[in-house]
Amino acid sequence: MPHSYDEFNPLEAAEARFDLAAAALNLNEGMRKVLRSPAREVIIHIPVELDNGRLEVFTGYRVQHSIARGPAKGGIRYAPDVTLDEVRALASWMTWKCAVVKIPFGGGKGGVICDPSIMSDRELERLTRRYTAELIDIIGPESDVPAPDLGTSQQTMAWIMDTYSMHKRHTVTAVVTGKPVDLGGSQGRTEATGRGCLIVTLQALKKFGIEPKQARVVVQGFGNVGGQAARLMSQAGLKVVTLIEWDGAVHNPAGLDIDALGAHRKATGSIVNFEGGENVDKDEALYLECDVLVPAAKENVIHSANAHKIRAKIICEGANGPTTALADPTLKAKGIFVIPDILANAGGVTVSYFEWVQDRQGYFWSEELVNTRLEEIMTASFRDVVNYAEKHDVDNRTAAYMLALDRVAFTIKQRGLYA
Ligand code: GLU
């Protein structure tokens, strides 16, 4: 690593993993340069009139890392700490993620520096519509298909779809995924990332010979990914013993009632003081002994200074980039079985792919069909990654990157270079 290496810059984490996999694959120098850099980056400054009449300018990004295997695909994040480097890293992770699960997309990501928690719906709508209008020549069902991510929702996708459609003079549902079901969204999309986490966790438990009913799970994050993962895991009989949020953590050794915890949060605004569990320290909760740890909140929660404290047998990375590259060797030395983000949380984009297919066909599937096909893809992808890791004697993360890089490089080689 260069001495200026910043462990907490997600782009450096993405590049460190990329370099490791590229070297293991013996990828030639030129191809490394192509795959390492994003294909296109757009920076826009978005004027928005706030409700109080004041004019504010927000900065937004859209990065298309690769369109080699299909349209760029990936979410849009609204958060105060969005950076271009973060969006670049997230865009490249989308390319690898789509390649790991073999869906015909490249990778992209968007972000706007704003704090949605202090903005009204009207302000968010104006921001979203103007951001979409600025991207009108960039996004589209054949070119770049956004989806929700941190700070954005089904509603955000509905605004994007409507704005895009107004410009095109006809309804174009396939321009975004993660829409409300009534507007061309897919059954099962909201649960998809959490369901994907459950599917790969069950596979990992099977490998360890742990009965799901015996499995103790710690989940960090109670947003869409962590919330759904916790709910579906407890429905499947696993014991979600601890839930960690930004403002506290709750623990119940017999397993938390996730629906009741959700209702408590809705009523009080927080998971703390839940009567079905006891409050525990949120930092220490990450280090509890457990079978499965699901970091499903933000980047960089497992890093070089705390990786040695993790006492989980399995880590299922629900978030993008929850582990820094410098933490990887420690987790490996401890023998922790990591299901890397680009596999573990790929259920979301997989059902996004189903949504895009349904929109383009104008023919919609039952939730059962969506879930069956999701399970097939996640199970096959888990098997591919784990078999590859065993065959090449590398950890699961390196195996997932190697598989993905190889697939994208193969496509680029076959297509040849346009010059
Ligand atoms: N934001 C999600 C992710 O990081 C979903 C992306 C998508 O469905 O396009 O995987």
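Whatever order the structure lists ligands and atoms in, that order sets their numbers, starting from 1. As a basis for the values below, the full set of heavy atoms in this structure was taken, side chains included, without hydrogen atoms, waters or symmetry mates.
The cationic group of Arg373 lies under 6.0 Å from the six-membered ring centre of Trp365 and within 45° of the ring axis, placing it in a cation-pi geometry.
Of all protein heavy atoms, the one closest to atom 7 (C) of ligand 1 is Ala147 CB, 3.3 Å. Of the protein's non-hydrogen atoms, the one nearest atom 9 (O) of ligand 1 is Lys73 NZ, 2.8 Å. Looking from atom 8 (O) of ligand 1 to the surrounding protein, the closest heavy atom is Ser352 OG, 2.6 Å.
The side-chain heavy atoms of Ile76 and Ile160, taken from C-beta on, include a pair separated by under 4.5 Å.
Atoms of ligand 1 lying under 4.0 Å from at least one heavy atom of Lys97, given by number and element, are 3 (C), 4 (O), 10 (O). Each of the following atoms of ligand 1 lies closer than 4.0 Å to a heavy atom of Met94: 3 (C), 4 (O), 6 (C), 10 (O). Taking every non-hydrogen atom of Gly74 and a distance limit under 4.0 Å, the qualifying atoms of ligand 1 come out as 9 (O). Atoms of ligand 1 found under 4.0 Å from any heavy atom of Asp149, numbered from 1 in the order shown, are 1 (N), 2 (C), 4 (O).
Using a cutoff of 4.0 Å between basic side-chain nitrogens and carboxylate oxygens, Asp19 and Arg36 are scored as salt-bridged. For the pair Asp144 and Arg62, the salt-bridge criterion is met [side-chain N within less than 4.0 Å of a carboxylate O]. Salt bridge Arg126/Glu49: absent, no basic N to carboxylate O contact under 4.0 Å.
Counting only non-hydrogen atoms, the option in Arg189, Met157, Lys109 that gets closest to atom 5 (C) of ligand 1 is Arg189.
Paired with Asp149 under the rule salt bridge (Lys or Arg N to Asp or Glu O under 4.0 Å), one option of Lys109, Lys73, Lys298 passes, and it is Lys109.
A centroid separation of 6.0 Å or more is found between the aromatic rings of Phe58 and His45.
Heavy-atom distances between Pro148 and ligand 1 reach below 4.0 Å in at least one pair.
Under 4.0 angstrom from ligand 1, there are no non-hydrogen atoms of Thr193. Neither the backbone nor the side chain of Ala346 comes within 4.0 Å of ligand 1, counting heavy atoms alone.
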Full working for side-chain contact (heavy atoms from CB on, under 4.5 Å) between Leu20 and Tyr401:
CA-CA 9 Å; Leu20 204 67; Tyr401 271 76; over 6 Å; no
